[in-house]
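Indexing begins at 1, ligand by ligand and atom by atom, following the structure's order.
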Amino acid sequence: MYDLIIIGSGPAGLSAAIYASRARLNTLVLEQNFISGGQIIDTYEIDNYPGIPGISGMDLADKMQQHAEKLGAVIENGLVTSLDLTGPVKKVITEEGSYEAKAVILASGAMHAHLGVPGEDTLGGHGVSYCATCDGAFYRKKDALVIGGGDVAVEDAIFLARGCNKVYVVHRRDELRAAKVLQESLLSLPNVEMVWDSVAKSINGDGKVESVTVTNVKDGSERTIPVSGVFIAVGIEPRSSYAGQNIAMDEKGYILADETGTTNVPGVFAAGDVRKKQLRQVVTAVADGANAVTSVEKYLLTLK
Ligand code: NAP
């Protein structure tokens with residue numbers, strides 16, 4: 001039996017693994033897709049993590065994973081499907097088997113949200129994407145369209161504008177949510193056209209994306225924009241469904257836990273984007289991981 005199982009190998013999970021290794025806890029990290037880093041692996045550039053400006057998400061993920069493993073962390077692949085938290089021994093059930101631990105940190109992060117418009121699912125992988133750094137190269141010298149106004153949408157648009165002929169950004173309001181520094185970069189680009197106050201009505205195409213029809217929310221007018229690629233960046237959803245009914249969550253599925261990571265179930269802690277919190281950034285995720293391990297250490301003392 002492990003002292004601690006950490007579910008997730010994004011910044012929160014890897015930070016927790018570093019702190020747990022230094023605390024000499026017998027720890028297992030479970031990751032889902034044979035790759036550590038969580039959402040940051042899809043981020044072209046991270047410019048707000050102190051001390052390493054402009055690092056790529058993939059490089060930062062590599063560094064965090066190497067750091068954790070150098071200190072002795074064990075990372076295994078396993079898609080967690082459910083938890084059995086009824087007794088003092090916590091059971092973590094994956095598709096392949098089950099593991100037991102005295103404590104668990106839920107650091108399973110979040111994933112991109114879906115828009116729910118016609119064409120989004122049917123043209124998925126045929127021009128509809130949720131990851132500009134993964135798929136942007138397919139649209140080199142072509143026209144692409146980004147939906148959303150947050151950090152991800154604006155970063156995606158800036159990234160795409162480097163290679164695309166033209167990039168449209170469709171946002172439902174007349175003001176972006178993204179950090180001001182990103183807004184300034186985006187709005188200075190000559191091949192970006194903002195489509196304000198507009199929502200996507202449908203993504204159109206026969207076998208591949210050919211255009212997007214947008215509706216202006218102020219005057220109801222419609223416009224069909226011919227593009228080859230559509231990048232949807234309308235926010236994130238927590239990855240918490242495996243945790244079941246016994247862990248308290250808000251209406252969106254974010255786990256209720258304060259900055260100590262303490263949930264409503266003794267011995268179960270939450271860290272990173274899966275936790276209900278004000279700000280979801282790498283810097284807050286790694287802080288969560290450290291805090292959660294401190295809470296685990298205090299909890300383990302109560303078992304003695
Ligand atoms: P976000 O900040 O929640 O932004 C989502 C955007 O999509 C908003 O502009 C929102 O519009 C729009 N939207 C939501 N639902 C929509 C719908 N149904 N139709 C049309 N538009 C819709 O999400 P995010 O950009 O994915 O970022 C996720 C988190 O990661 C955030 O906390 C973000 O700060 C963080 N992040 C940080 C960085 C960084 O610091 N460099 C980079 C990437 C991500 P409204 O504005 O009108 O609500």
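Distance from atom 9 (O) of ligand 1 to its nearest protein heavy atom, with residue and atom name: Gly149 N, 3.0 Å. Protein heavy atom nearest atom 34 (O) of ligand 1, with residue, atom name and distance: Asp151 OD2, 2.7 Å. Atom 47 (O) of ligand 1 has Arg173 NE, 2.7 Å as its closest protein atom, hydrogens excluded (heavy atom only). Protein heavy atom closest to atom 8 (C) of ligand 1, with residue, atom name and distance, is Arg177 NE, 3.7 Å. Atom 14 (C) of ligand 1 has as its closest protein heavy atom Val234 O, 3.2 Å. Among protein heavy atoms, the minimum distance from atom 37 (C) of ligand 1 is reached at Gln281 NE2, 3.1 Å. Considering only non-hydrogen protein atoms, atom 4 (O) of ligand 1 sits nearest to Gly150 CA, 3.6 Å.
Nearest-residue assignment for atom 44 (C) of ligand 1 (options Val282, Val152, Val199; heavy-atom criterion): Val152. Of the candidates Arg172, Gln39, His114, Met111, the one placing a heavy atom closest to atom 10 (C) of ligand 1 is Arg172.
Side-chain atoms of Thr43 never come within 3.5 Å of backbone atoms of Ile46 as a donor-acceptor pair (strictly under, hydrogens ignored). Side-chain N or O atoms of Thr215 include none that pairs as donor or acceptor with a backbone N or O of Val217 at under 3.5 Å. Asn264 places a side-chain N or O within donor-acceptor distance of the main-chain N or O of Ala248, the cut-off being under 3.5 Å.
By the 30° and 60° cut-offs, the orientation of the rings of Phe231 relative to Tyr139 is perpendicular. Ring geometry for Tyr2 against Tyr99 counts as tilted: the plane angle lies between 30° and 60°, on a 0 to 90° scale. Between Tyr299 and Phe269, the ring-plane angle classifies as perpendicular under the 30° and 60° cut-offs.
Using a 4.0 Å cut-off to heavy atoms of Gly235, the atoms of ligand 1 that qualify are 3 (O), 5 (C), 23 (O), 26 (O). Within ligand 1, counting atoms from 1 as listed, the ones closer than 4.0 Å to a heavy atom of Leu115 are 17 (C), 18 (N), 19 (N).
Assignment of His171 to the shell around ligand 1 is supported, since a heavy atom sits closer than 4.0 Å. Taking a 4.0 Å cut-off on heavy atoms, Asn48 registers as neighbouring ligand 1.
Linking ILVMFWY side-chain heavy atoms closer than 4.5 Å, directly or via other members, places Val230 and Val152 in two distinct hydrophobic clusters.
In this structure, Arg280 is positioned above the aromatic face of Tyr254, its NZ or CZ under 6.0 Å from the six-membered ring centre and within 45° of the axis.
Neither the backbone nor the side chain of Ala113 has a heavy atom within less than 4.0 Å of ligand 1. Contacts between Glu155 and ligand 1, counted as non-hydrogen atom pairs separated by less than 4.0 Å, involve the side chain only. By the criterion of a heavy-atom distance under 4.0 Å, neither the backbone nor the side chain of Ile46 is placed next to ligand 1. Both the backbone and the side chain of Arg280 come within 4.0 Å of ligand 1, counting heavy atoms alone.
A salt bridge is defined here as a Lys NZ or Arg NE, NH1 or NH2 lying under 4.0 Å from an Asp or Glu carboxylate O, and Glu193 with Lys166 meets this definition. Ionic pairing of Lys90 and Glu100 is not present here: no N-O contact between side-chain nitrogen and carboxylate oxygen is shorter than 4.0 angstrom. Taking 4.0 Å as the cut-off between side-chain N and carboxylate O, Arg24 and Asp3 do not count as a salt-bridged pair.
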